[in-house]
Amino acid sequence: MTVTEHTKELYSAMGISPEVYDYGNVIAVQLRERFQQIDDIAEYNQLKVLHAMQKNQVSEACLLGTTGYGYNDLGRDTLEAVYADIFHTEDALVRPQITCGTHALALALMSNLRPGDELFSPVGKPYDTLEEVIGIRPSRGSLAEYGVTYRQTDLLEDGSFDYEGIRKSVNEKTRLVTIQRSKGYQTRPTLSVERIGELIRFIKEIKPDVICMVDNCYGEFVEEREPGDVGADLVVGSLIKNPGGGLAPIGGYIAGKKECVENAAFRLTSPGLGKEVGASLGILKDFYQGLFLAPVVTAGALKGAVFAANLYEKLGYAVVPNGSESRHDIIQAVTFGQPEGVIAFCRGIQAAAPVDSHVTPEPWDMPGYDAKVIMAAGAFVSGSSIELSADGPIKPPYAVYFQGGLTWQHARFGILKSLQSLVDAGLVERNALRCNNM
Ligand SMILES: *Cc1c(COP(=O)(O)O)cnc(C)c1O
């Protein structure tokens, strides 16, 4: 038997029927050229990361950690210089004390805004968990409680910027503009770095001294450029997404203008202490190694997203982005239009996991979200969404948001497993798989 036959046999043993396997295989073959382009970007970004590590002379001593106050933590300070070089910013704060992406964003906002300032989003409603940070949904400790007001301008129907509305919204109080790169839990298009650049240029023409912050979650290493290359003053993300490469067990980063990053450091630790304290404990080796692997891990996740888009699009489901458009983050939305579809999809992803594959996910009331959410995650790092994972709020339009996969091979298996789960639940007809192959 050939290796392909052996593989197909193992797929079968792991619950993937021949129809589902063959259907996926036709799509994977069609995507070869697209995958080559993804690999080309990964090669560029691999060199970018390596170049920054060599330039900053990452040494064996950097991989060790400090304890207590963490004064003179060579590894921590060097890693921050490496991040600043990769993102082409003046400075960076990269810490295990930043507990997640929401925390990193909240930190960047709360440290750079003062009472009386206004925060402005020119790209519509921000990510769900930020609603409580800002105070869109009243919450203890929100920016609103500290006298920071908020304003937003939605994207136009076709996904373009409402330049007219933006011009009207920027006023003398506007201090910080938050631009979310990824669509998050929405079905709007994700912004390319180029479009982010256009938006920043427009806003700076109206008000040059405004701070432009980009929520870069899920966008790192998807393109050659990052928001810092197109004028962002702050670039913020989570280490249990792309830049942690699946190895970082916690953490967030804030890269940007020196003054803005220092503001964040004084808020994270204490006024007067700033970046000087913050022991790295034993975590730095995983931060470095994860960052080193991140371009290739991100490419694997991206291939999975493109594969899923094509697979479900051809079955007639609405997918964002669609099967052929260019990618600016690793999230794939598939709209099922009914809760059963979301649940079956997530159960398939869960069943494909290396950890906890035997458990069955259920929708539940998660803190920070305004509807029940079902989450599939069988990850080495709890909640890590650079690992194969899916989540869907149980509310119309009943879309599932799928992301990650530390390897393309695993992402492929997971997506086939999700399709198998829909077939087994009677939501996708076996016939549909045959007809589409012709
Ligand atoms: C994931 C995410 C966040 C929040 O990150 P957490 O680590 O889940 O707190 C914020 N914004 C966007 C666009 C995200 O994708």
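One-based numbering, in listed order, for ligands and for the atoms of each. Here the structure is a predicted model, which means the values were calculated and not measured.
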Does a side-chain N-to-carboxylate-O contact under 4.0 Å join Glu90 and Lys257? no

Should Glu118 and Arg151 count as an ion pair when the cut-off is N to O under 4.0 Å? yes

State the atoms of ligand 1, each with its element, that fall below the 4.0 Å cut-off from a heavy-atom position in [X].
| X | result |
| --- | --- |
| Tyr218 | 15 (O) |
| Gly101 | 4 (C), 5 (O), 6 (P), 7 (O), 9 (O) |
| Gln180 | 13 (C) |

Ring pair (Phe, Tyr, Trp, His ring centres under 6.0 Å) between Phe202 and Tyr163, worked out: CA-CA 8 Å; Phe202 180 78; Tyr163 285 116; 4.5 Å; yes

State whether the number of non-hydrogen atoms from other residues, nucleotides or ligands found under 6.0 Å of Phe266 atom CZ is greater than 12. yes

Short N or O distance, [X] and ligand 1, threshold 3.5 Å exclusive:
| X | result |
| --- | --- |
| Thr102 | yes |
| Ile331 | no |
| His103 | no |

Would you call the rings of Trp408 and Phe35 parallel, tilted or perpendicular, where under 30° means parallel and over 60° means perpendicular? perpendicular

What protein heavy atom sits nearest atom 11 (N) of ligand 1, and how far off is it? Asp215 OD2, 2.6 Å

Could you work out, for atom 8 (O) of ligand 1, the closest of Lys183, Arg181, Lys241, Gln403 by heavy-atom distance? Lys241

Do the non-hydrogen side-chain atoms of Glu226 and Val235 ever get within less than 4.5 Å of each other?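 No; the side chains remain at least 4.5 Å from each other.
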
